[in-house]
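First comes the structure, then the notes that go with it.
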Amino acid sequence: MTMNKTVPLIFERSAPGRRGYRLPDLDVPAVPVGDLIPQDFLREEPPALPEVSELEVVRHYTQLSRRNHGVDVGFYPLGSCTMKYNPRVHEDVTSLPGLAAIHPYQPEETVQGALELMYNLGQYLAVISGLSATTLQPAAGAHGELTGLMVIKAYHAKRNENHRREMIIPDSAHGTNPASCAMVGYKVVEVPSDERGGVDVAALKALVGPNTAGLMLTNPNTLGLFDENICEIADIVHDAGGLLYYDGANANAIMGIARPGDMGFDVVHFNLHKTFSTPHGGGGPGAGPIVVSQELAPFLPGPVVEKQGDRYRFVTPEHSIGRVRSFYGNFLVYARAYAYIRSHGPEGLKQVSETAVLHANYMMQRLKDVYHLPYDRTCMHEFVLSGVWQKEHGVRTLDIAKRLSDYGFHAPTVYFPMVVEEAIMIEPTETEPKSTLDQFIDVMKRIAEEAQEDPELLTTAPHRTPVKRLDEARAARHPVLRWEKP
Ligand SMILES: Cc1ncc(COP(=O)(O)O)c(C=O)c1O
């Protein structure tokens, strides 16, 4: 970051007595705090909070936000993450007092509209997935995976098949899949991909057996490829007594066109923050609802919303695995996804997926002469290139990703899926205009030229961002979340 030498950057802005809020007059009888909170829990000293005016708070956060890249700032083709634009109408909806000002402890009778919204959202997700019963509770896609696997485990246990502890996962799978398996105590059995990027069917046949609990699959998978053998794969797993889990992170490619339930899947999770355009963010607040077949419905976490006549009620399914989230999950995230589905309608959702797939294929065709394309076949909503040609000039995929920041773009997903060397996974989404796709293509081509002509420009990138290369793993493992005055 360039610092102005004459005017030092002021970070500490707190000054005693400054205020950025004004509390409304008390409209209930005043009660001494010590009467409400046990003495042991009371602070002895006031908390050391910053004392700042509203203007300073606004400036502080606005300045911080300007140092970040977000979908409101520029193109964000992060593969497998569906960083699409979040329509502003969602924010209008979620600020309606009937949605924003309710409390989860309110009696059901007073929140019928909210229950109706949850019920309808569950129904829509069931229709989109081709399955039967929904829980909205899980707080993210990975949490949906955990919940879905717990449901599968409970199903096998009910049938006295506790020995089924092996979950088959392709080598192209997202890291959360094996992690979720480990969390429920399943053994991960890896199935290789075939030369077209799908599940190797012969290898799968050899892997299934009496201990198979199921198969977890993303379809289209993390290579952006639709598995052409999905019906045969489903039969192989079902014939062995296993169930099929659909990781719906890539559902943006199939809405209104193909349904996991029709492909043979028994459980599906949706990442509402991807497909249904609710904000992403630091692991939450999010929602990763799961939808299951009729057979698995009794095992869902409770409570779920049921419609009885014209009333909506919370009920707990008969063999429920229990709650997986406090209260009813992230309700205002549901409201945004509901608004998204209602404002698009069935035809609109189909158009979303068609456009997402068209955009990805357009970009793939225009980039495949410049970057190696390991699987040269029609892709779905994303595609995976490889930086191996650029590596010959001493430039790694990470350098290409960093250089993209200099041009104002967020990098694609890199080094994933791991089956592709120097992977560059691009997901343009449907919300971008063609002019943005073209700009990005031009920049990617320019960077490929730079890799040949001036590799150091890339290996030392980025040059124009507030910070350069950060140790991301260390930042995640040892986050420093509080600034302290030196
Ligand atoms: C294929 C796949 N599965 C699962 C997940 C996990 O989803 P979440 O980030 O919502 O936990 C992701 C996230 O990027 C993903 O890409």
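Hydrogens, waters and symmetry mates are skipped; everything else that's a heavy atom, side chains included, is used. Every number for a ligand or one of its atoms is a count from 1 in the order of the listing.
Remark: distances from the non-hydrogen atoms of H273 to ligand 1 include one below 4.0 Å. Residue contacts with ligand 1: H143 is excluded, as none of its non-hydrogen atoms falls under 4.0 Å.
Those atoms of ligand 1 with a heavy atom of A140 less than 4.0 angstrom away are 10 (O), 11 (O).
Side-chain atoms of R403 do not come within 3.5 Å of backbone N or O of I447 as any donor-acceptor pair. In terms of modelled atom types and a separation under 3.5 Å, the side chain of S343 and the main chain of Y340 share a donor-acceptor contact.
Taking 4.5 Å as the limit, some side-chain heavy atom of R366 sits within range of a side-chain heavy atom of K445.
Looking only at heavy atoms of the protein, atom 16 (O) of ligand 1 is closest to S80 OG, 2.5 Å. Atom 8 (P) of ligand 1 has its closest protein heavy atom at G141 N, 3.5 Å. Ranking the protein heavy atoms by distance from atom 3 (N) of ligand 1 puts D247 OD2, 2.5 Å first. Among all non-hydrogen protein atoms, the one lying nearest atom 7 (O) of ligand 1 is N271 ND2, 3.0 Å.
Two rings, from F276 and F270, have their centers less than 6.0 Å apart.
The option with the heavy atom closest to atom 2 (C) of ligand 1, from among P220, A249, P417, is A249. Taking only non-hydrogen atoms, the option from E145, H269, M216, K274 nearest to atom 13 (C) of ligand 1 is K274.
Around CD of Q294, the count of heavy atoms belonging to other residues, nucleotides or ligands within 6.0 Å does not exceed 12. Shown here is R325, whose CZ atom has more than 12 heavy atoms of other residues, nucleotides or ligands within 6.0 Å.
N162 and A157 make their closest contact through OD1-CB, 3.4 Å (heavy atoms, listed as atom of the first residue, atom of the second, distance).
An N or O contact shorter than 3.5 Å links A142 to ligand 1 by distance.
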